[in-house]
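What follows is a set of notes on a single structure, which appears directly below.
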Amino acid sequence: MTNCIGKSFTLSIFGESHGTGVGGTVSGCPANLELKIEDIQKELDRRKPGQSSITTQRKEEDKVHIFSGVYDNITTGQPIDIFIYNKDADSSKYEALLKIHRPGHADYTYSKKYGHRDWRGGGFSSGRLTAPIVAAGAIAKKILRDHNIKIIGYTKAIGEIEAENIDFDEIEKNSVRCPDNEKAKLMENKILEIKNEGDSIGGLVEVVAKGVLAGLGGPRFDNLKGEFDKAFHSSGAITNIGYGAGSKARYMRGSEFNDQMYSENGKIKFYSNNSGGIQGGITNGQDIEVSLTIRPTPSISKEQKTVDIYGNNTIIKIEGRHDPCLCPRIVPVAEALMAIVLVDQLKQNNYLK
Ligand SMILES: Cc1cc2nc3c(=O)[nH]c(=O)nc-3n(C[C@H](O)[C@H](O)[C@H](O)COP(=O)(O)O)c2cc1C
């Protein structure tokens, strides 16, 4: 099924961008975990639309409702049902898209595959479906905290502008979620400039998991990179995923790339982390370092050539409220997906009940 992920700690999601709402069911969450609604809400607030002038102006409070699996702020070990109502859906701007495929979006492919689709706001293909992912990620993050695993995501680059001074304390202090405050200002200006042109821009998001133990994942078809890749691509808008040195590896020699090792007080350590914490599909105990290349948002108000559902050539100018750059909102989504995969791994490896 296309809406489910995980083997032992699982998430299934449902909903449409302009339907009643979006939600998910988390199964396999251990009992007796303290879980307050605020734990989930604070993560959803980082993803919600309308946070600043560089995100979509759709105003959703994204208030989370927990229908089951938690009693008295403690998990019961039963499925946790999460629901988030859609309050500010405006389908009128999408009526023009009923018969026209947005270039670069999933309109054409969904139509080809399913014949019938909910065109309002992109239906199931909308970024809105990442809200239940973030909610489930908040639960996963709480579990990871008990295992001293911490996940940090941030915007590394917007177009040509790249963060240089990485200070994790700066990430939530600017609207781009960039750890370099000076570069964040340049990034914000760039996004506004591109937005005013009726266009969109891409970038790079990085996610790091700290405190991961060695031995998670598996060889070949259970390769942890494959598990992460599958999870990250569920977000949409990701065109490339790199681990450690990532695509820079092609310019390196073995003598530069190999993470040389040493032993200190009986502990195995590494001089570098070009493998991104995963070797042969299995964690080596170093930080898991992932970089995600984010494409420019498909919906732009500039005129573009496309075809209608009858196969006629036409011109499209997309209205509606869209993110001019997806990076700031993908940061919490990427963190959530990494957390969900890691909890699933902990459970599969018997670190959780
Ligand atoms: C948090 C989030 C917000 C998004 N917002 C928009 C948006 O406002 N407009 C849009 O056209 N696409 C948006 N997208 C991207 C589309 O969902 C995505 O590009 C589309 O489903 C096609 O998938 P693909 O890019 O992986 O091919 C968003 C994605 C995410 C994760």
Side-chain angles (χ1 to χ4, degrees), residues 2-3 13 15-18 22 43-60 62 84 86 88-91 93-94 96-97 100-114 117-137 153 155 175-177 191 194-195 198-205 207 229-241 292-302 304 306 316-338 340:
T2 65
N3 63 321
I13 57 168
E16 282 91 21
S17 180
H18 291 191
V22 292
E43 288 295 327
L44 277 173
D45 289 349
R46 295 174 66 221
R47 193 221 70 98
K48 74 178 178 187
Q51 289 174 54
S52 70
S53 57
I54 60 163
T55 57
T56 166
Q57 293 308 297
R58 180 170 171 174
K59 292 278 180 220
E60 291 285 357
D62 276 359
I84 301 144
N86 295 329
D88 186 30
D90 176 8
S91 303
K93 294 284 188 299
Y94 288 83
L97 305 177
I100 301 179
H101 301 304
R102 283 174 296 175
H105 213 295
D107 301 352
Y108 174 66
T109 51
Y110 269 50
S111 297
K112 270 300 213 196
K113 187 167 179 71
Y114 299 108
R117 69 185 178 91
D118 182 347
W119 50 270
R120 304 164 305 160
F124 191 70
S125 73
S126 165
R128 187 139 184 79
L129 270 293
T130 57
I133 291 176
V134 168
T155 296
S175 60
V176 199
R177 297 211 159 87
I191 294 170
I194 298 287
K195 180 184 172 184
D199 217 332
S200 60
I201 187 166
L204 202 63
V205 163
V207 211
D229 286 359
K230 186 179 161 81
F232 286 130
H233 278 300
S234 74
S235 150
I238 292 172
T239 56
N240 192 46
I241 301 177
L292 307 168
T293 306
I294 312 298
R295 57 167 289 174
T297 317
S299 300
I300 54 172
S301 59
K302 269 196 166 163
Q304 302 175 85
T306 188
I316 190 169
K317 208 170 171 302
I318 299 168
E319 291 188 60
R321 301 158 295 180
H322 298 281
D323 292 283
C325 176
L326 297 170
C327 293
R329 294 187 65 214
I330 285 189
V331 168
V333 177
E335 289 176 11
L337 287 163
M338 188 179 246
I340 292 165

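Each residue takes its place number in the sequence, starting with 1. Any value given below was found using the heavy atoms of this structure, including those in side chains, with hydrogens, waters and symmetry copies removed. Each ligand, and each atom within it, is numbered from 1 in the order the structure gives.
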Protein contact of [atom] - nearest heavy atom, named by residue and atom, plus distance:
{"atom": "atom 18 (C) of ligand 1", "value": "A237 N, 4.1 Å"}
{"atom": "atom 8 (O) of ligand 1", "value": "D323 N, 3.1 Å"}
{"atom": "atom 2 (C) of ligand 1", "value": "G127 CA, 3.7 Å"}
{"atom": "atom 20 (C) of ligand 1", "value": "H105 CE1, 3.5 Å"}
{"atom": "atom 19 (O) of ligand 1", "value": "P298 CG, 3.4 Å"}
{"atom": "atom 6 (C) of ligand 1", "value": "L326 CD2, 3.8 Å"}
{"atom": "atom 1 (C) of ligand 1", "value": "T130 OG1, 3.7 Å"}
{"atom": "atom 9 (N) of ligand 1", "value": "H322 ND1, 2.9 Å"}

For [X], which part has a heavy atom under 4.0 Å from ligand 1: side chain, backbone, both, or neither?
{"X": "T297", "value": "side chain"}
{"X": "R295", "value": "side chain"}
{"X": "I330", "value": "side chain"}

Q) Pick from L44, D45, L337: which one makes a side-chain contact (heavy atoms from CB on, under 4.5 Å) with V134? A) L44

Q. What is the distance from atom CD of Q51 to atom OG of S175, rounded to the nearest 0.5 Å?
A. 9.0 Å

Q | Gap separating the OG1 atom of T306 from the CG atom of D107, nearest 0.5 angstrom | A | 8.5 Å

Q) Who pairs with D118 by salt bridge (charged side-chain N to carboxylate O under 4.0 Å, His left out), at least two apart in sequence or on another chain? A) R120

Q) Does any N or O atom in S125 lie less than 3.5 angstrom from one in ligand 1, N or O only? A) yes

Q: Consider every N or O of S299 and every N or O of ligand 1, then say whether any pair is closer than 3.5 Å.
A: yes

Q. Quick one: does E60's side chain have a donor or acceptor within less than 3.5 Å of a partner on D88's backbone?
A. yes

Q: Answer yes or no: is there a donor N or O on one side and an acceptor on the other, between the side chain of D323 and the main chain of T56, under 3.5 Å?
A: yes

Q) Which atoms of ligand 1 have any heavy atom of S235 under 4.0 Å away? A) 31 (C)

Q. Going by the atom numbers of ligand 1, which of them fall below 4.0 Å from some non-hydrogen atom of G236?
A. 26 (O)

Q.
Could you work out, with side-chain hydrogen bond (donor to acceptor under 3.5 Å, both in side chains) as the rule, every residue matching R117, not counting sequence neighbours?
A. S111

Q: Start with the C-alpha gap between I84 and R128, add the side-chain angles, then the distance that decides, and say whether side chain to side chain contact (heavy atoms under 4.5 Å, CB included) holds.
A: CA-CA 10 Å; I84 301 144; R128 187 139 184 79; 3.8 Å; yes

Q: Decide whether R47 and T130 meet the rule of one side-chain donor and one side-chain acceptor closer than 3.5 Å.
A: yes

Q) Where is the tightest heavy-atom contact between D62 and P49, given as atom of each residue plus distance? A) OD2-CD, 3.7 Å

